[in-house]
Amino acid sequence: MIWDLFWTFFKLGFVSFGGGYAMIPLIEHEVLQHNWMSATEFTDAVTLAGMAPGSVAMNSAVYVGYAASGWIGSTAASIGIVLPSIILMFLVATLFYRMYHNHWVQAALDGMKPAVMALIAYAAFNMAMHSGLLNGYARYTWFSVVIFAVMLFALIRWKLHPIAVILISGIAGIILYV
């Protein structure tokens, strides 16, 4: 189990581009395939991981590892998720600066950007489905839609700080759902 956690998150760290939110669909697939958590538990884990300081991928690895195998699993998953970044960034830092202005490198990066945006959109859609927001199973679904819409508007219109969005949403949840 410990080796599976390390190896799974190690592989995810090597093949995942675009940051933590873009990695969520890949992490979810592995977590569900290994039966480390249910889809609902994973959605809750991502919610907590997104609210906690640090990378959502790292926080998810800590949470999944802990749920699967306690502190040792948490440590194995954490090392697994960060080790590829350390290795790759060392290699990239030595080579990328020299090749950054290469036409082929720029073309590859331009091709990856839309795919990363699609992964992020898929993660948002998937979280909404698992939380019941889009399929009508969530308690007080309309309240959830209103919180979502107001917070999205606040982020776009007033550039509200993400911490403020999380705190306001948490307070709204307490008021509306308790």
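Residue numbers start at 1 and run along the sequence shown. Remember, it's a predicted structure, so these values are computed and weren't measured experimentally.
The backbone N or O of V56 lies less than 3.5 Å from a partner atom in the side chain of S60, making a donor-acceptor pair. Between the side chain of S74 and the main chain of G70, no donor-acceptor pair closer than 3.5 Å is present. Under a 3.5 Å cut-off, the side chain of E41 and the backbone N or O of S38 do form a donor-acceptor pair.
Between F42 and W36, the ring center distance fails the sub-6.0 Å criterion.
Looking only at side-chain heavy atoms (C-beta outward), V165 and S169 come within less than 4.5 Å of each other. Residues N126 and P25 are not in side-chain contact: their nearest non-hydrogen atoms beyond the backbone lie 4.5 Å or more apart. Taking 4.5 Å as the limit, every side-chain heavy atom of M1 sits out of range of all side-chain heavy atoms of I72. Using a 4.5 Å cut-off on side-chain heavy atoms (C-beta onward), L83 and F9 make no contact. Inter-residue side-chain proximity for L155 and K159 is flagged as unmet; no heavy-atom pair is nearer than 4.5 Å. Side-chain contact check for K113 versus D110: some heavy-atom pair is nearer than 4.5 Å. Within the 4.5 Å cutoff, no side-chain heavy atoms of M99 are placed close to those of W104. Looking at heavy atoms from C-beta onward, L176 lies in side-chain contact with I147 at the 4.5 angstrom threshold.
Here NE2 of H29 is found 9.0 Å from NE2 of H34. Values are rounded to the nearest 0.5 Å. Between atom CE of residue M23 and atom CD of residue E30 there is a gap of 11.0 Å, rounded to the nearest 0.5 Å. For the atom pair CG (L167) and CE (M51), the distance works out to 9.0 Å, reported to the nearest 0.5 Å. From L12, atom CG reaches atom CD1 of I27 across 6.0 Å, with rounding to the nearest 0.5 Å. Between I156 atom CD1 and M151 atom CE the span is 12.0 Å, to the nearest 0.5 Å. The distance from the OG1 atom of T75 to the OH atom of Y66 is 11.0 Å, given to the nearest 0.5 Å.
The heavy-atom pair separating G73 from L5 by the smallest distance is CA-CD1, 3.5 Å. Between M37 and V64 the shortest heavy-atom distance is SD-CG2, 3.7 Å. A61 and I81 get closest at one heavy-atom pair: CB-CG2, 3.9 Å. Taking every heavy atom of both residues into account, A45 and Y63 meet most closely at CB-CD2, 3.2 Å. Of all heavy-atom pairs between I166 and G50, the closest is CD1-O, 4.2 Å. When all heavy atoms of A123 and I24 are compared, the closest pair comes out as CB-CB, 4.0 Å.
In the hydrophobic cluster analysis, where Ile, Leu, Val, Met, Phe, Trp and Tyr join through side-chain heavy atoms closer than 4.5 angstrom, F153 is grouped apart from F143. By the criterion of side-chain heavy atoms lying less than 4.5 angstrom apart, applied directly or through intervening Ile, Leu, Val, Met, Phe, Trp or Tyr residues, L32 is not grouped with V46; the two fall into different hydrophobic clusters. By the rule that hydrophobic residues join a cluster once side-chain heavy atoms approach within less than 4.5 Å of another member, M89 and L91 end up as members of separate clusters.
Counting heavy atoms of neighbouring residues, nucleotides and ligands inside a 6.0 Å radius, atom CD1 of I163 does not exceed 12 of them.
Aromatic ring orientation, F10 versus F14: perpendicular (interplanar angle above 60°, classes split at 30° and 60°).
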